[in-house]
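For reference, the structure is listed below as structure tokens.
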Amino acid sequence: MEKIIEVKGVYKLYGNDKNQALKLGKEGKDKAEIHKKTGVTTALWDINLDINQGEIFVIIGLSGSGKSTLVRCFNLLNKPTYGEILFKGNNISKMSKKEIYDFKRNNISMVFQNFGLLSHRNVIGNVEFGLEIRGMSKEERYNKAMEMINLVGLEGFENSPIDNLSGGMKQRVGLARALANDPDILLMDEPFSALDPLVRKDLQFELMKIQRKLNKTIIFITHDINEAFKLGDRVAIMKDGKIIQIATPEEMTTNPANEYVRNFIENADRKKIISVKNIMITPSSIVKIHDTPSFAITTMRNNSVSSAYVVSEKMKFMGILNIESAIEAKKQNLKIEDVIEKNVSKTGADSLVKDIIDTAIVTRYPIAVVDDDEILMGIVTKADVLSAV
Ligand SMILES: Nc1ncnc2c1ncn2[C@@H]1O[C@H](COP(=O)(O)OP(=O)(O)OP(=O)(O)O)[C@@H](O)[C@H]1O
Ligand SMILES: [Mg+2]
């Protein structure tokens with residue numbers, strides 16, 4: 001994976017006595033104590049992270065934890081007190097004025113919570129704005145703007161005055177405007193927080209669709225854990241200017257770094273993020289397709305189970321053999337192959353548990369987990385599916 005942003009030892013301190021603040025912080029004093037003793041606010045404390053090309057990287061944390069301060073360092077609205085930020089390997093704080101100008105125009109765009117639109121311009125006028133400043137020809141920028149307006153689902157509204165639009169539509173304009181520059185990175189600071197829940201859901205979905213289509217790197221701030229887990233390929237959780245954990249939603253749920261993270265995500269909907277591999281177990285009885293029914297019966301008896309998972313020599317899942325069929329096969333001198341149940345529910349290890357709930361409810365046997373080549377990886381039981389959610 002290619003890194004697009006690297007953050008190395010970034011601090012942002014507000015106040016005069018920064019050296020004293022730094023000293024106290026290194027002794028382990030927290031943000032509140034440092035502020036009390038020195039008057040310095042530690043907005044960011046030793047931030048180290050990489051953002052990969054094409055990922056949706058979500059930053060979550062309570063108000064004042066430093067989310068906006070960090071993101072504003074990426075487009076040079078803030079300058080770190082210490083540390084450096086690299087964009088495609090280049091230190092952005094070492095850029096010349098011209099390079100900064102080009103960087104902001106070509107590589108990075110921002111979408112704001114309060115939209116930040118020009119109210120005296122209509123929809124297309126807002127989307128075109130950045131292109132106009134770049135000096136793009138009238139026809140070219142019209143075409144580009146229309147393309148973006150269609151992309152965000154606003155076709156037909158291009159001539160509407162901004163003031164006539166709902167909040168959700170305004171944010172679509174904000175998104176279209178940010179995308180019109182064709183930036184590598186889209187910064188989104190709580191872009192959907194001001195919208196009501198249904199509109200918010202639509203826009204989350206729209207954003208994921210657009211991301212898949214355009215493959216932009218998106219850095220997205222929210223204080224809503226459900227939104228973070230829905231959108232984020234990876235999520236960074238911040239507290240008092242520090243990063244507490246960076247992980248995929250799933251890793252964070254199954255393995256929270258500490259109590260703080262655990263409490264934070266308790267409010268999230270687990271079934272939406274737990275995947276099959278987290279609850280998969282190894283079946284206690286596996287038999288090969290060319291084993292004899294007697295052998296299969298013995299295996300099941302030894303393991304005190306009444307069915308076995310049947311695989312080929314190469315571990316390809318073939319079906320389930322239950323004890324009655326095995327006994328019948330033995331009596332009638334049949335092969336395992338002749339009596340196995342082939343119509344068995346299967347799933348992939350990366351499927352989400354929520355997507356197999358319906359299957360789990362009706363299935364007679366635990367669901368087989370197979371890979372792309374139908375190799376048996378494990379099984380998930382009805383009880384485990386239902387108790388995971
Ligand atoms: N210009 C400034 N001068 C002094 N302190 C500041 C300044 N900007 C931010 N801070 C402080 O830095 C800390 C981090 O603020 P920041 O705005 O980054 O938080 P946030 O996580 O974005 O919060 P919110 O969810 O409320 O937007 C806070 O303690 C804030 O008071
Ligand atoms: Mg903020």
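All ligand and atom numbering here is 1-based and tracks the order in the structure. One is the number of the first residue; the rest follow in order along the sequence.
Of all the heavy atoms of E190, the ones lying under 4.0 Å from any atom of ligand 1 belong exclusively to the side chain. At a heavy-atom cutoff of 4.0 Å, ligand 1 is contacted by the side chain of K31 but not by its backbone. Contact annotation: for T41 versus ligand 1, heavy atoms closer than 4.0 Å belong to the side chain alone.
No close placement of the F57 and F220 rings is indicated, their centers lying 6.0 Å or farther apart.
Protein heavy atom in closest approach to atom 27 (O) of ligand 1: S68 OG, 3.9 Å. Closest to atom 9 (C) of ligand 1 among all protein heavy atoms lies Y14 CE1, 3.7 Å. Protein heavy atom closest to atom 25 (O) of ligand 1, with residue, atom name and distance, is K67 NZ, 2.8 Å.
Residues V10 and W45 fail the side-chain proximity criterion, which asks for heavy atoms closer than 4.5 Å. At a threshold of 4.5 Å between non-hydrogen side-chain atoms, the residues E84 and L86 count as touching.
Although no hydrogens or angles enter the test, the distance criterion places no donor-acceptor pair under 3.5 Å between the side chain of N150 and the main chain of E147. E27 places no side-chain N or O within 3.5 Å of a backbone atom of G25 that could act as its donor or acceptor partner. Put simply, the side chain of R172 gets close to the backbone of V152: a donor and an acceptor are under 3.5 Å apart.
Each of the following atoms of ligand 1 lies closer than 4.0 Å to a heavy atom of S65: 19 (O), 21 (O). Residue-ligand proximity, T69 to ligand 1, at heavy-atom distances under 4.0 Å covers atoms 14 (C), 15 (O), 16 (P), 18 (O).
For atom 4 (C) of ligand 1, the nearest protein heavy atom lies under 4.0 Å away. Protein heavy atoms come within 4.0 Å of atom 1 (N) of ligand 1.
At least one N/O-N/O distance between G64 and ligand 1 falls below 3.5 Å.
With no hydrogens or angles considered, a side-chain donor-acceptor pair links E190 and H223 at under 3.5 Å. For the 3.5 Å distance criterion, the side chains of T359 and T363 fail to qualify, holding no donor opposite an acceptor. No side-chain donor-acceptor contact under 3.5 Å links D17 and N19.
Of the candidates S63, G66, G241, the one placing a heavy atom closest to atom 24 (P) of ligand 1 is S63.
Here S68 reaches the Mg ion (ligand 2): one of its N/O/S atoms is less than 2.8 Å from the metal.
For the ligand labelled ligand 1, residue L62 lies inside the 4.0 Å heavy-atom shell.
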